[in-house]
Amino acid sequence: MAADAGSSPHQLPCVFSPKSRQYLALCAQDGRLRVWNTDSKTLHQEYVPSAHLSATCTCISWGPCRTVKEGPRRKKRKSEMGQVEERTDLLAMGTAAGTVLIYSTTKGALHCTLDGGHSGGVNCVQWHSDDSLLYSGSDDTNIVEWDLQTGKMRSKWKADRAAVTSLCVSHDGKLLLSAGQIIKMWDLETKEVFRKFTGHSTAVTTLRFATTRPPDSNGLYFLSGAAHDRLLSVWQVRDDGKDKNSVVSFTLTDEPQHIDLVMSNSKEEGVRLAVVCKDGQLHLFEHFLNGPCKKPLSPICTVQMSDTKDSPVPIPLLAAALGTDTRSVLLAYGTHLQPVMERVEINTAERHVCLTRDVQTSLSLSMETTVSKVKTPVVNAKSRLLVPGLPGHQAPVKGTAQGSEKRKKDIDTKEMSIAERLGEIDLSTVPTEKGASKGMASLQTDNFAVLLVQGLESNDANILNKVFQTRKDVVIKKTVARLPLSAVLPLVEVVPHTLVPSYRAVLMVRWLKAVLMHHTSYLASLPDLVTQLGVLYHMIESRVKMFHKLTKLHGKLYLLMTQVSILIDPFAYEHTALLSHQFCVCSIHKTDVWL
């Protein structure tokens with residue numbers, strides 16, 4: 001079973017791990033790599049590259065399964081000595097900056113960085129069957145062979161006149177397919193072209209070997225897909241060299257985005273193919289590759305997904321992985337920020353299958369419990385706490401008891417009211433200098449976050465206005481960053497309606513900017529974000545449309561006020577005119593006398 005290796009730079013990468021399909025790796029709009037566990041359907045790991053905004057991830061490829069060392073382990077028994085555990089570990093990521101990042105899922109950290117090989121963005125990465133070799137193709141038209149044992153470039157050669165957009169290594173590791181303007185098959189020992197194939201008018205985004213047979217037996221087939229092309233072409237590598245045209249074509253509804261196939265090992269074994277298109281549909285094919293086929297082949301089954309509302313809305317499929325059973329398929333659907341993984345049984349006897357799912361229930365996976373790990377602070381029992389914890393996090397504060405005595409249940413644990421907290425914390429007295437007096441109360445950013453959440457929960461305009469009046473960008477950013485996710489959406493909805501009109505626009509921009517900087521991924525994961533923030537969107541749109549008219553009005557008013565200021569003080573204007581007139585008369589008189 002072939003894993004999806006590499007991705008088109010025009011789409012967000014989404015790849016299942018090989019063999020067991022235990023993990024799903026995605027790079028979302030925020031530039032972060034997320035690895036999801038398909039068994040538990042939870043977020044397994046999250047990695048933020050140092051240059052995730054400037055050097056975005058363009059392609060992903062899982063490495064071959066290998067023996068992984070995880071540290072000290074118990075000594076194995078004699079019966080277990082012959083058993084070697086192989087796991088999916090390394091993940092290669094190509095970036096728009098021309099570097100290749102190797103991430104280790106076992107360590108949960110970056111394994112190494114491969115740089116210096118490309119001068120353009122990396123479009124595709126492909127592993128060799130030997131896990132120490134990796135190939136990458138770039139916009140600079142070159143292919144680079146990397147040695148992961150040394151972390152350096154092993155060889156480099158020019159592949160095409162155009163950018164290299166796709167790569168694929170044969171099952172035996174002797175041949176390499178590359179695609180630029182044309183498809184080329186390379187001999188990896190000599191780095192020379194073994195065969196050329198032409199037939200696509202746009203950039204080839206997908207290359208897959210479909211069989212494991214050697215090329216000298218006329219049984220080696222591979223398939224290719226191109227951008228804006230609704231066909232998958234199958235090519236046969238013939239012994240006599242008469243392989244100029246494709247032998248089989250699979251019809252699709254849109255451009256292919258994700259492909260998974262079960263390779264054929266003999267003529268009696270058919271090729272099973274699962275193709276997810278750009279329109280979010282899944283097409284299943286099964287065909288015996290034995291020479292040319294004149295008519296394009298239609299899918300044996302097409303799968304679509306929709307929600308359970310009265311007017312159904314399509315749910316896009318992101319990726320699909322074929323199982324050992326012909327009816328079993330592992331699906332990933334939803335959004336790249338928070339996908340839903342599900343293994344389903346598909347009745348291929350039906351040509352069209354529509355699966356209905358409740359998106360709200362499927363996305364009930366709480367981001368607070370999977371990503372945001374809240375730590376409970378431990379403080380001295382004698383400490384006086386004005387803020388026992390962020391509301392919404394519900395994190396109790398535990399005191400360290402002196403000795404072995406436990407706290408009694410009858411101790412008065414009455415909390416201070418909001419009015420008392422506002423009395424203790426004076427928002428207007430924030431020291432601006434390092435040498436401020438100790439008696440002056442300085443408001444911390446966690447106090448801002450607590451008061452902001454309390455104001456949002458109680459809808460208290462007094463608290464909200466006092467928090468929103470701060471003009472320090474650092475305080476605003478830290479306050480927004482410490483908010484629980486449950487308070488983000490209410491904050492965005494309440495900001496335009498709570499601020500005082502005199503300085504509403506300036507402060508609104510600052511708060512909304514901080515929210516977008518820290519919580520974009522969460523907001524983008526909400527399925528009904530447009531309806532929830534419709535009022536804010538229409539308000540911003542109307543103000544943008546009025547900005548040009550207001551600018552013209554400002555210019556006209558400036559000219560008018562200038563003229564009015566001259567008319568208001570006519571004596572100064574007449575005095576200036578009289579002096580200039582006298583100066584001119586005197587000058588003329590002196591000139592006449594000299595003559």
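If you're wondering where the values come from, they're calculated on a predicted model, not measured in any experiment.
- When all heavy atoms of T348 and C301 are compared, the pair lying nearest together is CA-CB, 4.2 Å.
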(request) Run the numbers on V276 and D260 for side-chain contact (heavy atoms from CB on, under 4.5 Å), then give the verdict. (result) CA-CA 9 Å; V276 176; D260 184 51; over 6 Å; no
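- Here the closest non-hydrogen pair linking V122 and S136 is CG1-CB, 4.2 Å.
- Taking the side chain as every heavy atom from C-beta outward, S306 and Q304 never approach each other to under 4.5 Å.
- Under the 3.5 Å distance criterion, the side-chain polar atoms of S138 are left unmatched by any main-chain donor or acceptor of N142.
- Under the 3.5 Å distance criterion, with hydrogens and angles disregarded, a donor-acceptor pair is assigned to the side chains of T253 and D279.
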(request) For L284 and L273, run side-chain contact (heavy atoms from CB on, under 4.5 Å): C-alpha distance rounded to whole Å, both residues' side-chain angles, the deciding distance at 0.1 Å, then the answer. (result) CA-CA 6 Å; L284 301 176; L273 186 65; over 6 Å; no
(request) Begin from the C-alpha positions of R34 and E46 and carry the test salt bridge (charged side-chain N to carboxylate O under 4.0 Å, His left out) through to its verdict. (result) CA-CA 5 Å; R34 292 181 175 88; E46 184 177 18; 3.2 Å; yes
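- Under the 4.5 Å side-chain criterion, counting only non-hydrogen atoms from C-beta, L330 is in contact with T38.
- Taking a cutoff of 4.0 Å between a charged side-chain nitrogen and a carboxylate oxygen, E342 and K41 do not qualify as a salt bridge.
- Of all heavy-atom pairs spanning C14 and L318, the tightest one is SG-CB, 4.0 Å.
- In this structure the side chain of R357 reaches within 4.5 angstrom of the side chain of Y333, judged on heavy atoms.
- Side-chain contact between V193 and W186 is present, with at least one heavy-atom pair separated by less than 4.5 Å.
- Annotation for K158: atom NZ counts as buried by contact number, over 12 foreign heavy atoms lying within 6.0 Å.
- Using cut-offs of 30° and 60° on the angle between ring planes, the pair Y103 and Y47 is tilted.
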(message) With side-chain contact (heavy atoms from CB on, under 4.5 Å) as the criterion, how do Q338 and W36 come out once you've worked through the C-alpha distance, each side chain's angles and the decisive distance to 0.1 Å?
(response) CA-CA 9 Å; Q338 197 173 3; W36 295 81; 4.0 Å; yes
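- Between L148 and W127, some side-chain heavy-atom pair lies under the 4.5 Å cut-off.
- Side chain of T202 to main chain of A227: a donor-acceptor pair is present (N/O by atom type, distance under 3.5 Å, no hydrogens or angles).
- Under 3.5 Å, the side chains of H283 and T302 contain a donor-acceptor pair of N or O atoms.
- Here the closest heavy-atom approach between residue N123 and residue D139 is recorded as ND2-OD1, 2.7 Å.
- When all heavy atoms of Q45 and S104 are compared, the closest pair comes out as OE1-O, 4.2 Å.
- The distance from the CD1 atom of I102 to the CG atom of L114 is 5.0 Å, given to the nearest 0.5 Å.
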(request) Go through the steps to decide whether K156 and E145 satisfy the test salt bridge (charged side-chain N to carboxylate O under 4.0 Å, His left out), and finish with yes or no. (result) CA-CA 6 Å; K156 177 180 179 180; E145 183 182 50; over 6 Å; no
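- Judged by distance alone, the side chain of T58 and the main-chain N or O of G94 form a donor-acceptor pair under 3.5 Å.
- Note: Y23 and H44 meet the aromatic proximity criterion, with ring centroids under 6.0 Å apart.
- What you find for S178 and I143 is that their closest heavy atoms are CB-CD1, 3.6 Å.
- A donor-acceptor contact shorter than 3.5 Å links the side chain of S170 to the backbone of L175.
- At distances below 3.5 Å, not a single donor-acceptor pair connects side-chain atoms of T165 with backbone N or O atoms of G180.
- Using a 4.5 Å cut-off on side-chain heavy atoms (C-beta onward), R327 and N347 make contact.
- Checked against a 6.0 Å centroid threshold, the rings of F222 and F197 count as neighbours.
- Of the possible polar contacts, one joining the T251 side chain to the L297 backbone as a donor-acceptor pair under 3.5 Å is found.
- Using the six-membered ring where Trp is involved, F285 and F250 have ring planes that are tilted, between 30° and 60° apart.
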(request) Kindly determine whether I259 and L223 satisfy side-chain contact (heavy atoms from CB on, under 4.5 Å), including the steps that lead there. (result) CA-CA 10 Å; I259 294 179; L223 57 89; 4.3 Å; yes
